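Heads up, the thing below is written out as structure tokens.
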Amino acid sequence: MKNTAVLCIVCLLLSSLFMPVKAEEDCVDIPFEFTFHQDKARATLSEVNAFRTGSDAWYKSQDGGRVDVSGLQELVYDYDLEKAAMVRAMEYVVNSDFDRSDIRPNNKYYYTVYDDLGLEYAYGVENRIWVREEKIDRVVEEARSDDDSYSGQRERRNMLNSGVTAYGCAMIENGTEIYVVQLFHSKTFNTEPTEAKIGPSIEKVSIHHDRILNWSVSYQNGYMEDMLIEEPGKTLALPEGVYFRFMYKFSEGHPLGSMSRVTALQPVWTSDSDIVSIDNGVITGLKPGNAKITAIAPDGSSVDEKVTVKTKEVVRLAGRSRYDTSLMTADALKKELGVEKFDCIVLATGKEFADALGGSFLAIRKKAPIILTAEGQQDKVNRYIRENLSEDGLIYILGGTGAVPDSCLEGLEGFKQKRLAGKNRYDTNLLILEEGGDPGDEIIVCTGRNFADSLSAGATGRAILLVGGGFNDAQRNFMNANTGKYFYIAGGTAAIDENLENDIRNYGQVERVSGHDRYYTCNALFNAFFKPYGRHGWLYYYTPVKAVLVYGDNFPDGLCAGPLAYYSTAPILLVKQGHEYPAYHCCDPNISGGYVLGGKTLIPSASVAEIFQLDPNGDY
């Protein structure tokens, strides 16, 4: 069997670090692991000479006749020719270019290998032979091709060439296959014996940039789904079984076109992220989040991977009332934003859900907290606003005086104020969206008659359009202004029926995101906006490392969750004791901490431990 198989290189795990250097212009030297059998390669000299001087020294003519050859001299073994043959054998393994294998991976003709080694080329021929492992001792017998026609006896004719005097051979094992190159030359360069190269060796092959279509990173055990660091301060060794993989382009006209090649290169990893640091092959987590780490490819291009630093920190935000909890949530947001004071605060009633939940979009756009208020709560609420809003800050008041009475604004006269109030929750929602600015390409449509779906959607940062049984005139004007957008419907047909869904389809593409209850709808929203959406092969994904847990059967504690969740790059997950699985499913495997809004009566420590996969005996 000669020149009849395509080789896919499978490199072994290397323990040392190789960084290829730039070869000649337009080429790159790439290291591969080859297994040499130069003792067996040198032994082929006696077989070649026996063939040249024996009774079988003949070959077939083009017309099918027989041409006898006699008087051929024995060849001498040339150790410089052997070096050239080893270079060509390595290129033969990489190239596997059976249609035009005279072209080297560096896009030059095969005989330029002599120039590379400082040898003066006179006249020579080259054999390229491929055999199975079991025929390693019968290479010459295979190359003779006794039964082939004239065109199939090229290697036979080269061995019987009368114009050559010197011989060098290389033999490389790759899996169960043996790649052999025989070089015959009219001039003898070096007959001084050298030590035979036997066994594995790392050698570099010069490959032209035009032959490299793209780079990626592959792993010893397939593609790595995640590189996870359990918490800040912990470390992770960069995997040793990492290889560069590149698409290798064959010569023009080759039937395969291109093939994936693997080179046993431990990449040089770098990162400019403040999430991790990399030193001496070890990644250290600095703070929770997703970091991009970069492997530098041999030609100077790069391949990006992702590492996640998880967090096992759980912060429970629970005051004596929903109003106190909203202030604690605002403090947590201030920490996530890294600011001393807010430039804007969104004030909403704590007695109803619609204005606050619809206000998440505005609050996120303004990097503002949502703070709940009511008559009797204004003293502590307004004191917090005075202490935490910048002097020229703006207060948005959501809803009319029936929702947020003027008495709730006492002591805030020194700040700019803007009330967004429609005649009902739906009109107020539209004013909030208008104030937030361009909603972008995606809008989430939620029922305004229940809180659960809009609460779950608040972490996405998308505009939330609250609807009843159908569009009113103002909402239809909004839809006309946003024709062509992508509309997500949150919840099942009990929340937003098929008639309204069909109406929405008149304005753009529609996707319903729902589960069989509010908890599984929350899960579906997580899958749509937070769940990994790639990372098989060379795709990348976004994954949160924190979650915000809120009670799912009532709204007060979760009303202010949207901005905190968004700026923590965390989903809002609805939780109910005894019904933890939907939230647990979202958290596995990357999320192991975050925020819990509300007290332990509604979300006990045991539920938190189960969802975040923490010590079940811990106090959270």
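Just so it is clear, the structure is predicted and the values come from calculations on it, not from any experiment.
E336 and Y595 are linked by a side-chain donor-acceptor pair at a separation below 3.5 angstrom, with hydrogens and angles left out of the test. With hydrogens and angles left out, the side-chain atoms of K310 and T308 include no donor and acceptor closer than 3.5 Å.
In this view, Y488 and Y486, F529 satisfy the ring pair (Phe, Tyr, Trp, His ring centres under 6.0 Å) rule, not counting sequence neighbours. D331 pairs by the salt bridge (Lys or Arg N to Asp or Glu O under 4.0 Å) definition with K334, not counting sequence neighbours. Listed by chain and residue number, H579 satisfy the ring pair (Phe, Tyr, Trp, His ring centres under 6.0 Å) test with Y519 (two or more places apart in sequence, or in another chain). For the ring pair (Phe, Tyr, Trp, His ring centres under 6.0 Å) test, no residue two or more places apart in sequence or in another chain qualifies with F36.
If you take OG1 on T329 and CG on L597, they are separated by 4.0 Å, rounding to the nearest 0.5 Å. The distance from the OH atom of Y620 to the NZ atom of K312 is 9.0 Å, given to the nearest 0.5 Å.
Taking the six-membered ring for Trp and thresholds of 30 and 60 degrees, Y109 and Y111 have nearly parallel ring planes, at less than 30 degrees apart.
Comment: K366 does not engage D343 in a salt bridge, judged by the lack of any side-chain N to carboxylate O separation of less than 4.0 angstrom. A salt bridge links R128 and D102; the closest N-O separation between the charged side-chain nitrogens and carboxylate oxygens is under 4.0 Å.
The shortest heavy-atom contact between F526 and P544 is CE1-CG, 4.0 Å.
Applying the salt bridge (charged side-chain N to carboxylate O under 4.0 Å, His left out) test to residues at least two apart or on different chains, the pairs with a partner in residues 610-620 are K600-D619. Sorted by first and then second residue, the side-chain hydrogen bond (donor to acceptor under 3.5 Å, both in side chains) pairs involving residues 453-462 (not counting sequence neighbours) are E442-R462.
Proximity of S326 to I370: side-chain heavy atoms (C-beta onward) are nowhere separated by under 4.5 Å.
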